[in-house]
Amino acid sequence: MPELPEVETIARGLAKRVTGDIIESVWIGRKKEPLKSPAAQIASTLEQSRIGHVHRMGKHIIFDLDRQKKESQWIVHLGMTGRLQVCDPQTEIAKHTHAILRLSSGRELRFVDPRRFGRLSVAPAAKFDAAGIEPLEIDGDRFIALFRGRKTPIKSALLNQKLLRGVGNIYADESLFRAGIRPRRRAATITRDQLARLHAAVKEVLKEAIALGGSSVSDYVNADGEEGFFQLQHRVYAREGEPCLVCKTPIERVVIAGRSSHYCPRCQK
DNA sequence: ACTATTTCCTGGATGC
DNA sequence: TGCATCCAGGAAATAG
């Protein structure tokens with residue numbers, strides 16, 4: 001389930017491998033769910049374009065493209081199970097492959113996504129702008145202001161991509177644990193000091209996770225097919241019933257906004 | 001304007 | 001062994 005650290009890791013890996021390459025031709029599958037722009041529009045935008053900067057915005061991967069001075073962007077959201085693989089054309093085509101870009105270097109860039117929650121789209125020039133603010137760039141006052149007056153549980157607010165972009169279920173739970181805040185706490189009832197602590201926790205967790213190449217749970221791998229290691233640092237996520245690493249109290253799991261939320265009932269208030 | 005709930009999708013795990 | 005059922009969750013759609 002790629003969140004900000006996994007998407008950052010993948011984008012960095014892809015940047016190393018495909019920057020400067022030219023997309024010679026494109027195949028797009030017939031399943032409609034993965035396409036946010038019409039297939040013909042995606043194909044015509046990508047074909048004969050040179051791949052420039054590859055970067056992350058929230059949970060999106062952005063490929064800056066140019067073709068005869070005309071600029072555009074290819075935007076990829078990996079959803080739950082999406083993968084972008086760079087491989088030789090002879091490599092067997094994986095089940096659930098939805099797009100194949102043939103590159104001038106002789107390799108292919110393939111989009112594979114069994115669950116089809118991922119999305120592909122294109123935008124003219126540098127037009128794509130995800131909602132929300134980057135959690136690693138926002139300053140303390142703006143972070144605190146995001147939650148002012150919100151009655152929703154803090155966990156839901158952290159998952160809301162229109163506020164902060166890039167935080168998903170794992171990093172929301174891990175950040176709340178480090179900040180000592182229960183996931184069900186109403187955002188508006190959290191003091192400025194606690195929010196400042198949460199801000200620090202979010203940044204710390206995301207930076208540590210990026211440094212370890214993300215969390216490999218289910219089937220996440222980076223652009224080189226390697227697993228990340230941050231799952232070994234999880235303190236609450238998927239640890240229901242196991243002892244808190246700080247106080248030994250069993251970790252509890254509740255459902256908030258349809259998502260599993262894990263917390264220590266003693267360390268988090 | 002907010003907030004809460006439902007829906008989409010498949011593979012792996014679980015239960016009988 | 002086989003078959004049904006449940007669960008994972010990001011974000012859009014829907015309902016309140």
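Residue numbers start from 1 in every chain, and the chains themselves are labelled A, B, ... in the order their sequence lines are given, proteins ahead of strands.
Partner A/Val26 forms a side-chain contact (heavy atoms from CB on, under 4.5 Å) with one of A/Ile100, A/Leu109, A/Leu101 and no other, that one being A/Leu101. Looking at A/Ile170, A/Val205, A/Leu206 one by one, the single match for side-chain contact (heavy atoms from CB on, under 4.5 Å) with A/Phe230 turns out to be A/Val205.
The phosphate of B/dA4 (OP1 or OP2) has a side-chain N or O of A/Thr152 nearer than 4.0 angstrom. Contact check, A/His96 against B/dG11: a side-chain N or O comes under 4.0 Å of OP1 or OP2. Within the 4.0 Å cut-off from OP1 or OP2 of B/dT10, not a single side-chain nitrogen or oxygen of A/Thr81 is found.
When distances run from any side-chain atom of A/Tyr237 to the nucleotides B/dG11, C/dA8, B/dC9, the shortest one goes to C/dA8. Comparing atom distances between the A/Lys151 side chain and each of B/dT3, B/dA4, C/dA8 picks out B/dT3 as nearest.
Within 4.0 Å of A/Arg253, counting heavy atoms only, lie sugar-phosphate atoms of the nucleic acid but no base atom. Within 4.0 Å (heavy atoms only), A/Lys31 reaches no atom of the nucleic acid at all.
Atom NZ in A/Lys32 sits about 13 Å away from atom C1' in B/dT7, given to the nearest Å. Rounded to an integer number of Å, the gap from A/Arg115 CZ to B/dT10 P is 10 Å. Counting to the nearest Å, the C1' atom of B/dA4 and the CZ atom of A/Arg150 are 14 Å from each other.
Between A/Asn160 and A/Gly258, the one whose closest nucleotide on DNA chain B sits nearer the 5' end is A/Asn160.
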Practice prompt. Tell me, with the steps shown, if A/Asp141 and A/Arg192 meet salt bridge (Lys or Arg N to Asp or Glu O under 4.0 Å).
Written response: CA-CA 9 Å; A/Asp141 287 342; A/Arg192 287 182 64 91; 3.6 Å; yes
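Listed by first and then second residue, the ring pair (Phe, Tyr, Trp, His ring centres under 6.0 Å) pairs that reach into residues 238-262 of chain A are A/Tyr237-A/His262, sequence neighbours excluded.
A search for side-chain hydrogen bond (donor to acceptor under 3.5 Å, both in side chains) contacts involving A/Glu24 returns nothing, not counting sequence neighbours.
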Worksheet item: Could you write nucleotides 10-16 of chain C as a row of B, S and -, 5' to 3', where a protein heavy atom under 4.0 Å of any base atom gives B, of only sugar-phosphate atoms gives S, and otherwise -?
Response: BBS----
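Ion pairing of A/Arg235 with A/Asp173 is absent here, as no side-chain N (NZ or NE/NH1/NH2) approaches a carboxylate O to less than 4.0 Å.
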